[in-house]
Amino acid sequence: MEVKKQVLGETKSDYVEVTNLIGPPAYVKREYYENRGFHIQKVKEQQDLCRACSGDICRQPIPGMMPLLTSHRGYLYFPLTPCPRKKLRERKLRIQERRQEANLPKLFQGKTFADYQVTDGNRLAVRMAQRLVRQKDPGKGLYLYGSRGTGKTLLAAIVGNLLVQQGQRVLFTNTSQLRCRFRENLKHPDTPDRSLENADCLIIDDLGSERFNAWGLEQLARVIDVRYRQQKMTLVTSNDSLKALGEKMAQVRGNGDKQDAETAARIVSRLAGMTVPLPFYGLDRRWETENGRICCSRQGGEEPMELFEKG
């Protein structure tokens, strides 16, 4: 804290300027300033706690509040103001909670667009994903479809990571996890888990890779319908186009009937209305990466492994 003389009209020599850690300075009568030196020093010490704060643990006598030095007609007052680091600390804790709730695969945690390889086969999808993250009211979600290993799941996870950094509630799931959640809700009908419906962004990965039974298909239809009506952002990845997905989901486990086909058609219709279908083209990146490693290994001069003993 710095004390300076300040010109205030005709009584400039009678006033002292006392600066704060944040906000405007206080202009105090000199005699009053000298009499309240002890209190000013205490405020200074408390402000210094905020100056050296890392944002993790608040050391103020009243957590989250910092005293200020203000004046009125030359007299000093000590009001409390919210700590400037409180919001940062709260945001950091909120993001940590959101990250734990998101259920994003460890393989993709922390990934950003800088980690994504853009090709002609995914350029439009990347552009739409970037727009989705930037917009405050994104509207429709994304339906990412294409052959295996073309980067659909990674792109969806990147969107999830960035939305978590914004403090939004994100939930990443797949078909097997959806079935587990549906069964858990069946066990606890009085306190069902509504995170699938309430998440700000729901990411369903690899939809269509496993079949539902008739009851599970109805539960999925209910979740999709709720999110459609509430205009909640939803991202879906699949190997199939929407039309092919509808045909595949209609083939439920057990004895399917016409009602199951109608349920599958209702799901696909909702997805078509709440997402933008974006195709992915290209080869399987996982195989390309593995083949590249094998080639590098061979070029390094390593001897091939013998599978059988020489006779």
Side-chain angles (χ1 to χ4, degrees), residues 102 122-147 150-153 155-160 162-163 166 168-175 177-179 181-182 185 192-212 214-252 256-281:
N122 61 31
R123 195 178 306 277
L124 178 59
V126 173
R127 188 179 305 144
M128 294 298 294
Q130 290 172 334
R131 182 182 302 175
L132 194 70
V133 172
R134 289 195 303 265
Q135 292 179 347
K136 293 183 179 180
D137 186 13
K140 290 187 176 182
L142 304 177
Y143 182 83
L144 311 177
Y145 68 97
S147 56
T150 50
K152 305 181 298 295
T153 301
L155 185 60
I158 287 173
V159 173
L162 296 177
L163 292 178
Q166 296 176 10
Q168 297 193 42
R169 286 187 174 88
V170 175
L171 181 58
F172 186 101
T173 188
N174 56 30
T175 304
Q177 292 174 357
L178 283 172
R179 290 206 301 260
R181 287 178 180 271
F182 295 156
N185 283 347
D193 179 10
R194 297 303 184 195
S195 55
L196 291 170
E197 295 92 329
N198 297 331
D200 297 323
C201 175
L202 176 64
I203 302 174
I204 304 178
D205 185 44
D206 217 8
L207 187 61
S209 62
E210 301 178 34
R211 288 189 297 171
F212 289 93
W215 178 81
L217 197 65
E218 285 288 347
Q219 297 304 305
L220 178 61
R222 179 185 58 79
V223 171
I224 297 297
D225 183 66
V226 170
R227 297 190 64 82
Y228 172 75
R229 294 177 183 277
Q230 295 182 355
Q231 296 184 321
K232 295 278 191 177
M233 186 194 311
T234 304
L235 275 69
V236 179
T237 73
S238 177
N239 293 337
D240 307 298
S241 65
L242 281 171
K243 181 179 179 180
L245 178 68
E247 296 172 353
K248 181 179 289 187
M249 295 184 73
Q251 301 172 5
V252 300
D257 55 21
K258 183 179 179 180
Q259 181 64 35
D260 299 323
E262 292 178 354
T263 302
R266 190 166 70 249
I267 292 173
V268 171
S269 175
R270 295 289 192 275
L271 289 176
M274 64 197 292
T275 63
V276 178
L278 295 166
F280 279 64
Y281 305 100

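Note that the structure is a prediction, hence the values are computed from the model and not measured. Any value given below was found using the heavy atoms of this structure, including those in side chains, with hydrogens, waters and symmetry copies removed.
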Under a 3.5 Å distance rule, please check whether D260 uses its side chain to pair with a backbone N or O of A250 as donor and acceptor. no
Supply the atom-to-atom distance D205 CG to L144 CG, rounded to the nearest 0.5 angstrom. 9.5 Å
Quick one: does any side-chain atom of N122 pair with a main-chain N or O of A125 as donor and acceptor, under 3.5 Å? no
Applying side chain to side chain contact (heavy atoms under 4.5 Å, CB included), can you list everything that pairs with E197, at least two apart in sequence or on another chain? R194, R222, V223, V226
Check whether S238 reaches the backbone of G208 with its side chain - one donor and one acceptor, N or O, closer than 3.5 Å. no
Can you see which heavy atom on T237 is nearest to which on A156, and at what distance? CG2-CB, 3.9 Å
Residue pair R181 / S195, side-chain donor-acceptor N/O under 3.5 Å: yes
Mind checking the CG-CZ spacing from L220 to R179? Nearest 0.5 Å is all I need. 11.5 Å
One pair to check against side-chain contact (heavy atoms from CB on, under 4.5 Å): K232 and D200. What are the steps and the verdict? CA-CA 6 Å; K232 295 278 191 177; D200 297 323; 4.1 Å; yes
Parallel, tilted or perpendicular: rings of W215 and F182 (30°, 60°): perpendicular
Kindly say whether Q259 contributes a backbone atom to a donor-acceptor pair with the side chain of T263 at under 3.5 angstrom? yes
Just by modelled atom types, is the R227 backbone N or O under 3.5 Å from a matching donor or acceptor in the R270 side chain? no
Between OG1 on residue T234 and CG on residue L196, distance to nearest 0.5 Å: 10.0 Å
Check step by step if side-chain contact (heavy atoms from CB on, under 4.5 Å) holds for T275 and K140. CA-CA 5 Å; T275 63; K140 290 187 176 182; 5.7 Å; no
Any chance you could lay out the side-chain contact (heavy atoms from CB on, under 4.5 Å) test for D240 and Y145, step after step, and finish with the verdict? CA-CA 6 Å; D240 307 298; Y145 68 97; over 6 Å; no
Mind checking side chain to side chain contact (heavy atoms under 4.5 Å, CB included) for K243 and listing every partner two or more places apart, or none if nothing turns up? S241, E247
Residue pair L245 / V236, side-chain heavy-atom distance below 4.5 Å: no
On a heavy-atom basis, the closest approach of M274 and Y228 is CE-N, 3.8 Å
Could you give the distance from CG (L155) to CD1 (I203), rounded to the nearest 0.5 Å? 9.5 Å
For Q166 and V133, run side-chain contact (heavy atoms from CB on, under 4.5 Å): C-alpha distance rounded to whole Å, both residues' side-chain angles, the deciding distance at 0.1 Å, then the answer. CA-CA 9 Å; Q166 296 176 10; V133 172; 3.5 Å; yes
Atom of F212, atom of L217 and distance for their closest heavy-atom approach: CB-N, 3.7 Å
For G160 and V170 the tightest heavy-atom approach is O-CG2, 3.8 Å
Considering all heavy atoms, the nearest A129-L142 contact: CA-CD1, 3.9 Å
Would E210 and K248 satisfy salt bridge (Lys or Arg N to Asp or Glu O under 4.0 Å), going step by step from the backbone distance to the final call? CA-CA 9 Å; E210 301 178 34; K248 181 179 289 187; over 6 Å; no
